[in-house]
Every structure is written in C-alpha cells, then in structure tokens.
Amino acid sequence: MEQVSRRTFLAGALGMAGLVAAGALSGCAPSVSVSADPDVLTLWYWNLSIADSLLAQARKGIPGTGRRLATDKIGGNFDVKLRTSLAGQAYIPDVSALNSNVATYFPIEDQFLDMNELGAGRYRDQYLDWKLALGVTSTGRQCFWPMDTGPTALWYRRDVWDKAGLDSDPDAVTAAMTDWDAWIETGKQLRKNADASIIINAQQAYNAVLSASAERYFAKDGTRLYDKDGSAVRKAWDVAVQAGKAHITSKAYTDTEKNSSLSAGHTVSNVEAVWWGPQLQAAAPHQSGTWGVAHQPGPPGNNGGSFLTIPKTSKDPEAAFALITWLTSPENQVVTYQESSLFPSTPASFGSIRPDAPNKFCGGQPITRTFVEAAKEVPTTFISPYESTVGDGVNLELTNIETQGKDPERAWDDAMARADRQLKKKGLL
Amino acid sequence: MAATTLAAPAPTQAGPSIRKKPTSIRRFWPQYLAISPFYLLFLVFGLVPIVFSLYISFHDWDGVGPMKYVGLQQYTYLLNDPRFWNAVENTFIIWFMSTVPMVFFALLLAFLLHQSIRFKGFYRVAYFLPNVTSMVAMAIVFGSVFSDSFGLVNSALTALHLDAIPWLSSDWGIKTTISVMVIWRFTGYNAIIFLAGLQAISPDLYDAARVDGAGLWRTFSRITVPLLRPVILFVVITSTIGGLGLFTEPQVLLTESGGPNEAGMTIVLYQYNQAFTQFDFGYGSAIGWALFVIAGLFAVINWRLVRERNSLAGNVGGRTGLLRGRRKNRGNH
C-alpha cells in the first residue's frame with residue numbers, strides 16, 4: 001500500500017508541477033519583441049538585402065540613439081515567418097525588411113507604424129518620389145521605407161545587332177526603339193537576319209511594359225482598371241501577344257531554359273532591371289564584352305527593390321526610424337551599392353556610384369549611367385495588394401498563348417473570368 | 001497555451017473522488033509517462049492544428065487580421081472552382097501515370113536483385129540513392145534533361161529524326177515529366193520493400209517449382225506475385241498516399257504557378273498557393289479538408305478491396321493504409 005501511495009504522491013506532484021507551469025505560461029504573455037533586452041532592437045532581413053558592414057556598425061550602437069541592434073537573417077519563406085509572428089503577436093522584430101511584394105501587406109497596414117508620424121517629412125526629398133510612393137498604403141500611410149530599387153532597361157548583344165544589320169551603338173539602339181511597336185519591328189529583323197529572339201518570353205514583355213506604366217491593375221481607391229477598354233494592362237497584354245505572334249520571343253519559362261537560351265545565343269536581348277547583370281554574366285560568361293544596355297521603349301520601369309518597416313509593437317519607434325533613415329541615407333546607400341550591388345533609391349547617391357565606370361561585360365560601356373537615367377524617369381504608380389489575384393491569371397494565359405498556341409481572345413476572356421471569380425471570392429467585386 | 005490542456009488531465013485523475021477507474025492508470029503511470037511524448041507532441045503539433053484548420057475553413061482569414069465567419073462559403077466556392085477540379089484531375093492523372101510503371105519496375109528490380117548475382121549490396125544502395133537525393137537539385141537536372149529546346153531527351157529525339165516534345169510546356173509533357181521524376185525517386189525505395197517481401201518467401205517453393213520444371217516467368221507469376229500480394233498492396237497504398245500529397249516535384253520543377261495551363265498544379269500545390277502566396281488561409285484549409293475526404297474515399301476503397309480479396313494478411317495492410325492516409329493528409333495543413 002505504501003508503495004502505491006508514494007506513486008500516487010509522485011503522480012500528483014507531477015501533475016501539480018505541470019499545472020503550475022501551465023499557469024505560469026498562460027499567466028504571463030509571451031514576449032512581443034524578439035529580444036527582451038530593452039536596449040536592443042531586433043531587425044529581420046534576408047541574405048544580401050542590407051550591407052553587412054552597416055549592420056556590424058549598428059550592432060555596436062545605432063547612430064543617434066542609445067540602443068544597439070540585433071540582427072536575424074531570416075532564411076526560407078520570409079513573408080510566412082513575419083506573418084506568423086504578427087498573427088501570434090509574439091516575437092515580432094522591432095524593424096523588418098520587406099521585399100518588393102510590400103503591397104501584399106497593405107490590408108494589414110494597422111500592424112505597422114506610419115513613418116509620417118515619426119518625422120518622415122524631413123527625409124522625403126532625399127528619395128525618389130516613385131519609390132517612396134510604392135511604400136504608401138491605400139489609406140495614405142507611409143508604412144514602408146525605400147531601400148534599393150530595380151530600374152529597368154534594354155539589355156542587348158551588340159555583335160548580334162551588327163550581324164542583323166542594325167546599328168549597335170547604345171544611343172542608336174535607344175533612338176531606334178522609342179515605342180513598343182518599333183521594338184517588335186526590331187525583333188522581327190533579329191529573327192529574320194540572325195534567327196535570334198529579342199526577349200526571353202511573352203510574360204517578360206508584358207511585365208516590362210506594365211512596370212513602366214503609371215496605371216496598373218487597380219486605382220488607389222480599389223476601382224478596377226485592368227478590364228476597361230484601352231487599360232494599361234490590356235496595352236501591355238497586346239504588346240506581349242503581338243511579340244508572341246511575331247515569333248520574336250524565346251518561350252523560355254524555367255530558369256534552366258532561360259539560362260540555356262541566353263548561353264546558346266537564342267535570346268540576344270531582354271528588358272530587365274539593373275540586378276539582372278550578374279545573373280546574365282553567370283549564365284553566359286563567354287559572351288563577355290558583347291552585351292550592351294540601351295533605354296527600353298517608352299518610359300523606363302522598375303522591377304524589384306525592397307523596403308524597411310516598423311511593426312507597431314516596436315520597442316522604440318523613434319530609434320527604429322533613426323536606424324532606417326541611417327541605413328538608407330544617401331551615403332550609406334553608396335556603401336550598400338559597393339558591397340551588395342543594390343541600386344540606390346536616393347538620387348544624391350548616384351554621383352558616388354561611379355556612373356561612368358566602364359563595364360567589362362558590356363564592352364566597356366558605362367551602363368550604370370543608363371540605369372541612373374532610367375531611375376529618375378520611372379513613373380509613379382500604385383501597386384494594389386490584389387494584383388496577383390488578377391495578374392497571376394493574366395500571366396498564365398500569356399504562357400498558354402505562347403507555348404500552347406491558345407487563341408488570344410479566348411485567353412483574355414479566361415483571364416478576366418478567373419479574375420472576376422477570385423475577386424468575387426475576396427469580396428472585392 | 002497548449003500546456004494547460006496537457007497538464008490538466010493528470011491532477012483530475014489523481015483526485016480522490018474518482019476511485020475505481022484510475023487504478024490502472026495509477027498502477028501503470030510509468031508506462032503511460034513513457035509513451036506520452038509522442039501523444040503530447042501529436043497533440044500540440046498534430047491535433048491542435050488539425051482541429052484549428054477545420055475551424056479556419058469556415059472563416060475568411062488572411063493569416064493576420066481578424067477572422068470572419070463565412071459558414072460553408074469556402075466549400076461552395078471550392079465545388080465550383082475550376083482550378084481546384086483541374087488540380088484534382090492532374091493529381092489523379094499523375095498518380096496513375098507514375099504508380100503503375102513504378103510498381104512494375106520496382107517488382108522487376110526486386111526480383112532481379114533477389115537472384116544470386118554479384119555486387120548485390122552495391123545495387124541495393126544504388127537503387128535507393130534517388131530517394132535520398134535532394135529534390136531541388138534533381139529538379140534542376142530534370143529541368144535540363146527535359147528542357148524544350150535544350151534538353152537531352154529532345155536532342156536524342158531529334159537525332160533519331162523524331163519530333164521534339166514540349167516536355168515543360170504542354171499538358172501531357174508536364175504530367176509525363178513529373179511522373180518520371182516520381183518514378184525515378186521511388187522505384188528503388190519500393191524495390192527494397194519488395195525485396196524484403198521476396199526474402200520472406202520460402203526458397204522451398206522455388207525449389208519445388210524448379211523440380212516441376214517451371215520457367216522464370218511461371219515462377220514469377222505463380223509464386224512470387226501471389227505471395228507478395230500483401231507487400232504489393234502496401235506499396236500501392238503508400239504510393240497512393242504519396243501521390244495524393246504530391247507537391248515537391250511540381251513545385252521545384254514549375255514553381256507555384258503549376259506551369260502552362262496549370263498542367264502541373266496538384267491539390268497540395270494549389271492548397272499551398274492559396275494559403276501561402278494568396279494568404280487565403282480559409283480556402284487553403286478547405287482544400288486540405290477536401291483532400292482529406294478524397295483520401296478517405298480511397299482508404300475505404302483500399303480497405304474493401306483488401307478485405308474481400310485477402311482474408312488474412314491483406315487486412316492488416318488495409319488498416320494501416322487507412323490510418324496512414326488520414327494522418328498524412330492532416331499533416332499537410
């Protein structure tokens with residue numbers, strides 16, 4: 001009997017201990033911030049999104065504040081991890097980087113602080129207007145602060161241009177293609193004279209045109225624009241469909257296909273952002289010296305570029321904003337450019353990133369200057385959080401037209417029907 | 001929070017009011033304690049998410065903001081969603097295209113490995129290797145091999161004066177490529193399972209067959225296959241589970257879009273797409289539960305087949321199949 005009662009006692013004690021532990025756990029809420037240390041602000045970012053030397057400096061002390069920085073390099077699916085923290089209201093960073101999909105955070109903008117209230121006004125004129133505008137939510141709050149940008153231009157192979165009997169001088173290339181119709185004509189000549197494609201696929205053409213447009217899928221108040229006659233989306237669609245029909249695209253969709261197509265010389269031009277250079281170089285190292293960069297038809301666009309944000313639970317919003325403005329100051333964006341090749345969002349940096357330095361891969365052409373010129377001309381636009389609800393279907397149908405020969409009008413109708421269905425589901429139609 | 005629910009039962013059992021029933025619990029508490037880690041972990045990381053996903057499926061939720069109760073709306077949308085039905089169709093086509101050849105090849109391989117040949121150990125390891133190779137690396141290799149304009153396969157086809165096939169851009173090309181990836185990855189794995197089954201068959205039977213003058217094919221079809229039946233059923237059931245949950249292959253090969261015409265969009269890939277790229281967790285959960293229903297249907301069919309045809313050994317295989325099928329699907333949430 002005594003044996004049993006001791007066991008009973010032990011079981012009871014164990015149970016009590018568990019109960020106490022559980023009570024303690026549910027009694028005190030979990031830490032809202034990642035770090036419990038009041039002097040430490042935690043920053044979440046991903047590999048190569050911020051210059052390491054700047055972070056090392058901030059870890060010792062954030063300039064202008066009495067606080068230090070702790071950094072967590074978040075691998076894998078950054079958005080899912082940040083959203084999980086926000087959903088649980090626990091272990092939220094005090095500052096976080098966000099990628100170019102920043103608009104998908106607009107519906108939960110109340111989770112982030114409006115930097116206008118933290119003194120953003122003083123810094124506004126240092127940044128590119130269009131980049132600042134991308135960080136403003138539908139309700140006009142500046143919740144997301146500019147880091148780098150991705151101005152786009154036309155990359156092309158001089159040797160193939162020569163072979164096709166076209167003037168390969170960058171200025172001449174720019175002058176020869178002032179609009180997308182001229183671009184298609186050039187594409188036809190490349191196909192005829194050199195049997196090469198002017199762009200990687202029709203989707204790329206669509207996005208190149210759209211990302212250089214002031215109008216996109218939705219107006220700021222949520223009004224649908226894409227389905228109107230003559231909408232920017234429809235215009236970009238038409239360019240892509242025409243390019244597909246004229247057989248001037250490479251139909252390459254997977255990364256391996258794209259790289260092979262460039263390396264094999266099937267694709268000799270592309271409209272893409274400044275960050276594409278290193279990728280191109282890796283895909284086709286033997287083509288060094290043959291490439292060049294000209295302005296794309298019409299106005300230049302932007303593809304990519306990240307932001308910084310302050311969750312509302314941030315320990316010290318002022319210090320967080322001080323960190324943000326310090327990390328993205330014109331001088332420090334030069335450091336970031338030198339270390340990680342991230343293109344600045346502050347025009348004052350442009351003079352210090354050696355715009356006239358010759359680029360070896362592009363035959364000594366000072367290509368940075370072209371991108372600097374492009375960055376200043378990117379139109380201001382509004383990216384809606386629901387773009388992928390419509391855009392995924394549009395992009396899919398473009399692929400269907402290009403790879404499976406689907407009838408363009410049917411494809412457009414299918415894309416619109418899919419958009420309607422999905423918007424209706426989200427209660428936006 | 002979960003700790004509250006976990007610890008709660010212990011003190012109630014220890015309370016003096018309930019005397020008769022808990023004696024066995026009290027007497028065997030070290031044993032219960034010993035097996036508890038699995039159940040506690042399952043409770044926290046299995047059961048709670050499963051129940052929660054059912055709850056979410058009746059709501060509209062972006063993962064962060066407030067949840068809105070929408071009743072059965074997610075499910076009515078699902079029934080009328082052509083993208084979902086396309087995903088169901090794709091999943092079944094790919095499952096069929098991969099499972100049938102895979103089981104056949106695995107059986108053949110196992111049969112050959114079971115013969116008295118040299119370097120047996122080497123072959124076993126070699127055939128198992130694909131199963132432990134990184135899928136991301138393999139997707140790059142397969143993407144190159146099946147590339148439309150630059151792939152090895154199409155180069156070989158054109159060298160033989162045949163038409164190149166758009167493996168990564170046509171509906172059937174995509175399904176074939178994914179099926180080949182699945183076959184490549186799981187044939188060796190299943191061959192090892194078959195081999196274990198083969199080794200359990202008494203050599204006396206083979207000797208007797210040889211004495212009776214049976215050839216290789218006759219031995220295979222009359223002795224090996226019938227005696228391997230429970231193992232074959234096990235392999236088919238696990239392949240069904242894997243096939244219904246197909247995700248990695250299409251995702252790494254074609255990204256979340258599912259490829260042209262969404263020809264490589266499987267149920268789980270669509271679920272992932274809705275929950276983690278569209279942040280529509282309510283709908284993602286509804287898709288998960290729809291998959292559960294489909295898997296449940298399959299489990300019942302499996303179970304019936306096994307119960308009717310195989311009186312003894314098969315019954316066990318069928319039950320485990322049923323359980324595994326459920327668990328696997330819940331695990332996907």
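Note on naming: letters A, B, ... go to the chains in the order of the sequence lines (proteins, then strands), and numbering restarts at 1 for each one.
With chain B as partner, the option from A:His266, A:Lys424, A:Gln111 having the largest number of non-hydrogen pairs under 4.5 angstrom is A:His266. Most heavy-atom pairs under 4.5 Å with chain A: of the set B:Ala263, B:Ser169, B:Ala275, B:Gly258, this distinction falls to B:Ser169. Note on B:Asp62, B:Leu168, B:Asp148: by heavy-atom pairs under 4.5 Å with chain A, the leading option is B:Asp148. Between chain B and the options A:Ala87, A:Ser85, A:Ala264, heavy-atom pairs under 4.5 Å are most frequent for A:Ala87.
Both the backbone and the side chain of A:Ser260 come within less than 4.5 Å of a heavy atom in chain B. Of the atoms belonging to B:Asp280, it is side-chain heavy atoms, and not backbone ones, that fall under 4.5 Å from chain A. Residue contact with chain A, scored on non-hydrogen atoms closer than 4.5 Å, is absent for B:Leu254. For A:Asn77, the part lying near chain B is the side chain, with the backbone staying farther off; criterion is any non-hydrogen pair under 4.5 Å. Looking at A:Lys251, neither its backbone nor its side chain comes within 4.5 Å of chain B, counting heavy atoms on both sides. For A:Thr389, the parts lying under 4.5 angstrom from a heavy atom of chain B are both the backbone and the side chain. With a 4.5 Å cut-off on non-hydrogen atoms, B:Pro260 touches chain A through its backbone and its side chain both.
We find the CG-OG1 distance between A:Asp255 and B:Thr255 to be 8.5 Å, quoted to the nearest 0.5 Å. We find the OH-NZ distance between B:Tyr283 and A:Lys426 to be 11.5 Å, quoted to the nearest 0.5 Å. To the nearest 0.5 Å, atoms CG (A:Asp392) and CG (B:Asn273) are separated by 7.0 Å. Expressed to the nearest 0.5 Å, how far CZ of B:Arg83 lies from CG of A:Leu396 amounts to 7.5 Å.
In this structure, B:Ser149 and A:Glu257 approach most closely via the heavy-atom pair N-OE2, 3.6 Å. The two residues A:Leu86 and B:Val64 come nearest to each other via the heavy atoms CB-CG1, 3.9 Å. Smallest separation of non-hydrogen atoms from B:Phe279 and A:Arg83: CE2-CD, 3.2 Å.
Side-chain contact check for B:Asp81 versus A:Arg421: some heavy-atom pair is nearer than 4.5 Å. Counting only heavy atoms from C-beta outward, the side chains of A:Thr256 and B:Ser147 never approach each other to under 4.5 Å.
Remark: the B:Gln74 side chain and the A:Lys425 side chain contain an N/O donor-acceptor pair separated by less than 3.5 Å. A:Gln404 and B:Ser170 form no side-chain donor-acceptor contact under 3.5 Å, judged by distance and modelled atom types alone.
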